[in-house]
Amino acid sequence: MSTETMSTVGMWSTAFVHVSCILAIMIFNGGITIYMLRKVLGHLHLRLGPTELGPAGIAQLIPDILKLLVKEDRHPNRTDYWLYCLAPAMVFMPVLAAYAALPFSETLIAADIHLGLLMTLGFVSLVPLGVFAAGYASRNKYALIGAMRAIGGSISYEIPLILACVVPVMLAGSLNLREIVLAQQASIWFVIPALPSAIIFFICALMETGQVPFDMAESESELISGFSTEYSAMRFGFMYLAEFSGNFVMAAIMVSLFLGGWTLPFVPDAIAAPIAPVIFVAKCYLIIFCFMVVRGTLSRYRVDQFAALGFKKLIPITLIWTLVFAIGFKVFTMWGGGA
Amino acid sequence: MRASAIKGLMFGMFEQVVIAMFVIVGAAFACIGLGASWLLSPTNPTEGKGVTFESGVEPIGDPWIRFKPGYFMYAILFVIFDIEVAFIFPWAVALGTLLGWFEVTAMIVFVAIILVGLAYEYKEGVLGWH
């Protein structure tokens, strides 16, 4: 915390260590999520998922990653070459930076930024730009349709996503994710007073991470593989690493805003405090598990229904709910809370 | 309370360095990953591999066309609502401690104006997908 007294070199090297840890978490999360996705989707479809390599098929990850590395990186003749090469990095970099403000515990935060929530949401919303660059540069009709749908989805669902964060911000009186969690530790998990916000956030998080029922950018049965149709090998790998990380980031925001972050109710601090990061990550994977169950259960929205849902339903509902909550909150703090 | 609320909105120096480091490390990792793949993978571009992935023959027509205006309408609406959200966040942060009923009423009026606009657009059919 005494960052004011640090030397410049010390500051940059500490920053490097923080970022390297985050990068390691991101790569590790990619591996875990791929395995989990296969297993969970497999069991939902009454299959077993990977079983052959290693215990319960977990070593399947190693050949998967090697295969991404050593496959030929084909690039089609008609692409806009530089944009096509840059697009995976454009998708990957903002997702990495989105981890910066996530509070793994009270002290384990890469950058304890006072506007952490806004910054994380800002980085997350840069991702569709990279997706669009990928689809546009591919110069493939399917890829371009997928990319346009990604942008269309992003602009209709980002507003309710951000508005759903307003109620926890109101309750905590802060935009710092760590302080929002501490406010929940002092009172109750915000999912209880702000349940509608949590539900809307969950729906919009599904959209933001491009998952069924809102996987319009990919929609593999209509558009081959959507925006990533022309990508192969490691470039494809980066796109999907970013996608899985996006899941984790959205889950982590949801955990910090609504589900008490690294804290547990009714558990004494002496037990919960040493395993705080474990609790946080476990909660995140629980949310990711819910994403996967939705993904394995529902079918895709039609594109016109999907576009209408955001502006016609989610935005008015979220706005009105936020105002109703604000009035209730003000009444409560005046008479009930005695603040 | 007021002073701490304002101080709480500033960035620290260290945090700026971390964000800069995120950009540097992100770019470096992307270069390493793609570079490793470039070194390890075979390169054998045959004629067929260069064809756009569509139906096996050269696709007819360029996909870089003018796109339907439905997206444009949504984009304009998005800008309006995004600015509205930018107003709501500071209001929400300060609501519990600094603001009174006047500010709550002001926000209700502000949101109501925008919602009336949205209702009008709904009635005019702008939100449909044509």
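Labels below follow one simple rule: chain letters A, B, ... track the order of the sequence lines, proteins then strands, and each chain is numbered from 1. In what follows, every heavy atom counts, from backbone to side chain, and hydrogens, waters and symmetry copies are set aside.
Heavy-atom distances place the side chain of A/M93, and not its backbone, under 4.5 Å from chain B. Only the side chain of A/L23 comes within contact range of chain B, with heavy atoms under 4.5 Å apart. Neither the backbone nor the side chain of B/L39 comes within less than 4.5 Å of any heavy atom of chain A. Using a 4.5 Å cut-off between heavy atoms, A/L118 contacts chain B through its side chain alone, with no backbone atom that close. Only the side chain of A/I22 comes within less than 4.5 Å of a heavy atom in chain B; its backbone stays farther off. Only the side chain of B/E84 comes within contact range of chain A, judged by heavy atoms closer than 4.5 Å. Only the side chain of B/W91 comes within contact range of chain A, judged by heavy atoms closer than 4.5 Å. The parts of A/Y136 that come within reach of chain B are both its backbone and its side chain, each placing non-hydrogen atoms under 4.5 angstrom from that chain. If you measure heavy-atom distances from A/L323 to chain B, the contacts under 4.5 Å come from the side chain alone. Using a 4.5 Å cut-off between heavy atoms, B/V79 makes no contact with chain A at all. Interface residue B/I108: backbone and side-chain heavy atoms are both found under 4.5 Å from chain A. With a threshold of 4.5 angstrom between heavy atoms, B/Y122 approaches chain A through side-chain atoms but not through N, CA, C or O. Heavy atoms of B/L95 lying under 4.5 Å from chain A belong to its backbone as well as its side chain. Using a 4.5 Å cut-off between heavy atoms, B/A112 makes no contact with chain A at all. Neither the backbone nor the side chain of A/E179 comes within less than 4.5 Å of any heavy atom of chain B. Contacts of A/I65 with chain B are absent, with no heavy-atom separation under 4.5 Å from either backbone or side chain.
With respect to chain A, the highest number of heavy-atom pairs below 4.5 Å among B/D82, B/I114, B/T105 belongs to B/D82. Comparing B/C31, B/A75, B/A36, B/P42 by heavy-atom pairs within less than 4.5 Å of chain A, the highest count is held by B/P42. Residue with the most contacts toward chain B among A/L117, A/V169, A/I155: A/I155 (heavy-atom pairs, distance under 4.5 Å). For chain B, the option among A/L241, A/T322, A/L144, A/I320 with the highest count of heavy-atom pairs below 4.5 Å is A/L144. Chain B forms more heavy-atom pairs under 4.5 Å with one residue of A/A89, A/A172, A/P94, A/A100 than with any other, namely A/A100. The residue among A/I327, A/N176, A/T79, A/I151 with the most heavy atom pairs within less than 4.5 Å of chain B is A/I327.
Atom OH of A/Y84 sits in a crowded spot, with more than 12 heavy atoms from other residues, nucleotides or ligands closer than 6.0 Å.
Put simply, the side chain of B/S37 does not reach to within 4.5 Å of the side chain of A/L68, judged on heavy atoms. Residues B/V18 and A/I113 have side chains not in contact (no heavy-atom distance under 4.5 Å, counting atoms from C-beta outward). A/F238 is listed as a side-chain neighbour of B/L34, based on a closest heavy-atom distance under 4.5 Å. Under the 4.5 Å side-chain criterion, counting only non-hydrogen atoms from C-beta, A/V331 is in contact with B/W101.
Residues A/M119 and B/I19 come closest through the heavy atom pair SD-CD1, 3.5 Å. Taking each heavy atom of A/V166 and B/A92 in turn, the nearest pair found is CG1-CB, 3.6 Å. The minimum heavy-atom distance linking A/L69 with B/G33 is given by the pair CD2-O, 4.2 Å. In terms of heavy-atom proximity, B/F22 sits nearest to A/A97 at CD2-CA, 3.7 Å.
Ring centroid separation for the pair A/F92 and B/F29 comes in under the 6.0 Å cut-off.
Here CE of A/M234 is found 11.0 Å from CD1 of B/I32. Values are rounded to the nearest 0.5 Å. Of the inter-residue distances, the one linking A/L319 atom CG with B/I88 atom CD1 reads 5.5 Å to the nearest 0.5 angstrom. Between atom NZ of residue A/K71 and atom OG of residue B/S41 there is a gap of 11.0 Å, rounded to the nearest 0.5 Å. Taking CD1 from B/I24 and CZ from A/F16, the interatomic distance works out to 10.0 Å, rounded to the nearest 0.5 Å. The distance from atom CE of A/M170 to atom CZ of B/F89, rounded to the nearest 0.5 Å, is 9.5 Å. How far CD1 of A/I159 is from CZ of B/F78: 5.0 Å, rounded to the nearest 0.5 Å.
The aromatic rings of B/F81 and A/F311 lie tilted to each other, with the angle between the two planes from 30° to 60°.
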